[in-house]
Amino acid sequence: MILLVASYLGNLARWNLFFNIDLIFGSIAVWLVVGFYGVRWGVLAGALSGVCTYFLWGHVYAGMVFTLEALFVGVLFYGARPISRPNMVLLDGLFWLLIGVPLGWFFYAGVLQAEPFQVQIILLKQPVNGIFNALVASLLMTYLPIHRWLNRPSAINSLAVQQTLFNLLVSFVFFPTLLLIVLASRDVVDNIRAEAQADLSRVSGYAVAALRSWHQEHLRSANELALQVVQYHKADLEHLQHHLESTQRLLPDLRQVQVWNREGRLLVSSHNRSRSSNRSDEAFDEPFGKAFDSAIAPLSPYAALARQTLQPILSDVVSGSPPYVIWNFPIVRDGQVEGLITSELTLDRVESLLRQSAGDQDLDLTLVGRRQAVVLSTQGDRPPGSLLQLPENSSIEQLDEHFYQLFPDKHRPIMVRWINSSFVQEVPVDTGLPWTLEVMASAQPDVRNIQSIYSRNLALLLAIALLALLVSALVSQWMVRPLSRLAQVTTNLSDKLLAGQPIDWPDSQITELAFLVKNFRTMGKTLTQQFGAIQQALSYEALVRRITDSVRDSLDESQILQTAVQALGQELNLLCCDAALYSADQKYSTIQYEYTTALPSALGTSFAIPNEFSEVHGLLLRGESCQFCATLPHPVRPSACMMTVLAHPIWDDQGVLGDLWLFKPQGECFEEPEVRLVQQVASQCAIALRQARLYEAAQIQLKVLEDLNLLKDDFLSTVSHELRTPITNIKMAINMLKLSQQNERREQYLKILEAECEREANLINDLLDLQRLASGTQALELTPISLQDWVLHVVESFQERIRNRQQTLQIEISDKLPVITSDPACLERILTELLNNACKYTPPGEKIRVAACAVGPFDCETAVMTETTAETTTETITKATGGDRPFALKPFAAAPNLASAQNFASLYSSNSGFFVLRVCNSGVEIPTEALDHIFEKFYRVPGIDRWKQGGTGLGLALVQKMTEHLGGSIQVASAARQTCFTVVLPVAPPHQTAPQSTV
């Protein structure tokens with residue numbers, strides 16, 4: 001579609017040579033359509049481009065010729081075999097010789113009845129234009145990848161030398177010559193018009209100067225006569241008459257000169273010697289205006305105008321033999337009209353001046369007066385007094401302010417109109433003279449001259465094209481013969497060389513062809529040598545491809561290296577090939593994979609680096625390969641002595657991973673292609689190893705991320721549940737408060753609100769405490785604490801709960817518990833959470849045991865309470881609790897099957913004591929797999945909450961964090977349906993500085 005549009009627009013984008021003789025370029029796109037899309041589309045493109053010529057030249061004959069041109073060339077072009085298709089330029093030249101020129105002569109000379117000169121130049125222009133377009137299209141199709149842009153098969157796969165030479169010779173001659181013709185034609189019309197304007201301006205200048213001189217001469221004579229009238233007036237009419245007659249003798253074109261006075265009386269006349277010659281005195285005694293008007297009634301409009309303007313007024317031409325004009329000259333004195341001079345001026349002298357100005361040039365000069373009336377003309381068909389009008393069906397083209405070109409008969413071809421056209425120059429004559437000078441010259445001589453010149457140029461261009469064809473045919477035939485023989489010899493040269501056939505190389509006297517034959521001979525020898533190397537390289541390349549394909553998607557190190565080692569050993573016919581991997585510190589090398597046919601196996605053997613081959617390993621660790629003949633025994637292959645060895649590192653930009661060792665028999669060496677093969681295989685192995693190790697690391701990291709994601713999901717689920725449950729209860733209680741009217745009920749709902757708000761606040765506080773403990777921003781408030789009183793105080797708060805759940809509490813407290821320095825809030829939270837946990841999971845009828853003792857410089861290494869001590873402690877508790885206690889006191893003892901408090905002594909310095917707190921309960925046991933997660937946030941052991949109290953799972957996490965915050969540690973043990981938490985705290989925690997600000 002683009003080419004079809006281009007074929008039409010190419011004719012619109014024409015280059016005008018002269019007189020509407022145009023070079024059009026639409027057929028360039030037509031030939032491209034023929035070459036890439038076939039004959040049918042080509043004929044359609046030719047017809048489409050031919051339509052444009054109707055609007056350019058006003059007839060369809062050129063379009064018919066262009067359509068036949070596309071059909072003729074397309075049929076002959078596709079009629080030949082693709083490999084030997086004829087030159088499109090030759091086909092187009094043949095068309096114009098056989099069909100185009102005869103058909104054009106028939107149309108233009110026979111049908112259009114054009115002048116012979118026009119037919120000649122058209123028949124020369126069209127073949128030149130057509131051959132030029134075919135040549136451009138052929139060059140474009142040959143040397144530009146237009147078929148790729150159009151996604152079409154190539155129209156010209158190859159050109160014979162003869163066709164190539166023809167195209168080049170015609171191009172080098174045709175293009176410059178046509179370009180010169182085109183450039184010269186660019187200013188042809190402008191030059192003709194400029195020369196015509198210069199000629200007309202020169203002639204009109206002479207004529208206007210002569211007319212102005214004539215005008216000024218008559219003005220001076222009239223002025224002198226008027227001056228005489230003013231000076232003498234009626235005193236000396238004889239003198240006036242004499243002066244008038246003298247003036248008339250000097251100016252023969254003056255006739256019937258009459259002088260009138262102010263009162264309208266005739267003073268003197270060129271035909272009367274006195275005032276009474278033809279008139280009675282009574283006729284001039286009338287008032288001025290009446291006598292004047294009656295005397296010269298036919299001229300009264302111009303006389304009246306002269307009286308009004310006080311300027312000389314020239315009348316229109318009066319037809320006669322000869323024609324004349326009447327001049328009305330007012331006699332003015334001090335701004336007042338004193339009289340009037342009238343005279344008849346014949347135009348014989350004016351006509352003589354015009355003809356003298358034209359000289360021998362073929363020019364027509366015309367004086368035009370008022371209302372475009374002809375005053376005088378050298379052209380016979382313009383009589384004086386006639387109106388100056390343009391010929392029928394003519395048009396003008398304004399070229400300058402006073403210069404234009406007149407074209408007759410607008411319906412005829414432009415060249416005919418140009419030949420019959422005229423150049424016209426219009427110039428005003430003088431200020432007081434109402435005449436315009438029109439100078440007209442015919443354009444026919446210039447047009448004929450230009451046609452003659454360009455006819456010769458175009459004929460010469462056609463002759464040059466034909467001569468180029470002939471020369472190219474002769475030269476190419478002489479040059480192609482040895483080239484053809486060389487082409488035959490070199491056809492399937494590779495097959496001939498592989499088969500060892502003798503080659504009969506041609507001889508040539510042309511130096512370049514002789515060098516070409518010599519180069520082919522050298523190339524044949526080189527090809528024979530290189531074929532083996534190429535086959536080997538192809539084999540190596542196939543090997544690398546196989547190895548790459550096999551290890552590309554493999555994540556198994558053993559498969560990667562084993563494939564590479566075995567492939568190298570078989571391809572290079574090695575005695576042995578092994579792959580070793582280095583340790584992380586690159587101090588040891590271990591043979592992981594091997595291929596051997598002659599050496600004992602050393603698979604799995606490790607040896608230290610450096611060793612006897614330290615220099616070799618030094619190169620390998622720097623990423624360099626090494627080929628040598630082993631003279632020293634190999635650390636793991638002593639029998640490889642005196643063999644040729646190639647050691648190559650398995651490395652990448654991150655470092656050396658291992659190495660490859662290849663062994664050949666003595667006397668053989670590794671060639672450069674073999675070394676490159678090993679290098680490529682080692683690179684592939686390094687990439688695959690890195691990929692496998694990265695995959696393994698990624699899998700580990702993925703598992704960690706999955707665990708973290710599960711923990712996050714569990715955390716979000718637990719927090720959302722624990723936050724949502726109190727809020728639900730709070731909403732329900734608020735709704736019940738709104739509905740209930742009983743005070744007791746309202747009090748009950750208020751208690752629920754208070755409990756749920758406290759539960760919500762505790763959860764948030766626990767989360768905040770965990771965050772502060774984890775970030776280290778929780779400050780310690782250290783105060784002295786009496787452990788014995790503190791333990792009883794904390795235990796007392798669980799009295800009611802333990803009784804309701806039918807549990808038994810035993811307290812075992814040493815009588816030598818010291819006063820420690822610690823944070824009471826943290827310490828109380830630790831024991832409270834442990835007791836709360838014990839109460840939650842202990843079945844009814846089972847026991848909860850709380851034990852406390854001090855170990856260290858307080859001399860309680862035995863840490864065992866006697867019965868007396870227990871009784872004393874019992875009395876103390878009884879006093880503190882009012883005698884109502886739900887627990888029993890027993891001596892301090894270790895939990896069954898659990899480590900005693902002394903086992904923690906090694907955790908602290910012997911110079912500082914520590915406090916041991918143990919909370920145990922019976923009847924329940926924590927599964928072994930849950931012990932590792934017991935202190936994790938939001939973790940709850942599934943299935944052992946007998947009271948179904950739920951919880952957030954933050955209690956034990958807080959206990960652990962607070963214990964560590966106080967400088968202690970906590971352990972848990974569970975066996976034989978017993979669970980025990982043991983907390984070890986220093987008597988005085990490590991010194992901590994409270995932060996300046998906390999969140």
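In this chain, numbering begins with 1 at the start of the sequence shown.
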Just checking Y37: does its OH atom have more than 12 heavy atoms from other residues, nucleotides or ligands closer to it than 6.0 angstrom?
yes
Going through the checks in order, is the side chain to side chain contact (heavy atoms under 4.5 Å, CB included) test met by L367 and L354?
CA-CA 9 Å; L367 283 176; L354 293 180; 4.1 Å; yes
From OG (S395) to CG (L390), nearest 0.5 Å:
9.0 Å
Output for pair (S138 OG, L91 CG), nearest 0.5 Å, gives 10.0 Å
Ring-plane angle category for F66 and W96, please: parallel below 30°, perpendicular beyond 60°, tilted otherwise.
perpendicular
Evaluate whether atom CD of E401 has more than 12 neighbouring non-hydrogen atoms of other residues, nucleotides or ligands under 6.0 angstrom away.
no
Kindly give the heavy-atom pair with the smallest separation between P408 and S394, and that separation in Å.
CA-CB, 3.8 Å
With side chain to side chain contact (heavy atoms under 4.5 Å, CB included) as the criterion, how do F403 and L200 come out once you've worked through the C-alpha distance, each side chain's angles and the decisive distance to 0.1 Å?
CA-CA 9 Å; F403 181 69; L200 297 185; 3.7 Å; yes
To the nearest 0.5 angstrom, please state how far the CD atom of E69 sits from the CG atom of L103.
11.5 Å
Test side chain to side chain contact (heavy atoms under 4.5 Å, CB included) applied to S421 and L406, step by step
CA-CA 5 Å; S421 67; L406 176 63; over 6 Å; no
Give me the one residue out of H402, R382, Q425 that meets side-chain hydrogen bond (donor to acceptor under 3.5 Å, both in side chains) with E438.
R382
Mind checking the CG-CE spacing from D362 to M440? Nearest 0.5 Å is all I need.
11.5 Å
Looking only at non-hydrogen atoms, find the nearest pair between I99 and F72 and report the distance.
CD1-CD1, 3.7 Å
Any side-chain heavy-atom pair of N420 and F407 under 4.5 Å
no
Shortest non-hydrogen separation from S357 to L365 and the atoms involved:
CB-CD2, 4.4 Å
Give a yes or no answer on whether the side chain of D92 reaches the backbone of I131 with a donor-acceptor pair at less than 3.5 Å.
yes
The test is side chain to side chain contact (heavy atoms under 4.5 Å, CB included); show your working for L32 and V30 and say whether it passes.
CA-CA 5 Å; L32 294 179; V30 172; over 6 Å; no
Distance, nearest 0.5 Å, that separates OH of Y404 from CD1 of I396:
6.0 Å
By the definition side-chain hydrogen bond (donor to acceptor under 3.5 Å, both in side chains), identify the one residue from R193, Q398, Q197 that meets it with Q405.
R193
Less than 4.5 Å apart, any side-chain heavy atom of T366 and any of V374?
yes
L68 vs F95 side-chain heavy atoms within contact, under 4.5 Å
yes
Looking only at heavy atoms, what is the nearest atom pair of L437 and S204, with distance?
CD2-O, 3.8 Å
What's the shortest heavy-atom distance between L387 and R371, and which atoms?
CD2-O, 3.4 Å
Look up atom CG in L363 and atom OG in S442, then write down how far apart they are to the nearest 0.5 Å.
10.0 Å
Correct closest heavy-atom pair for V75 and V39 would be N-CG2, 4.0 Å
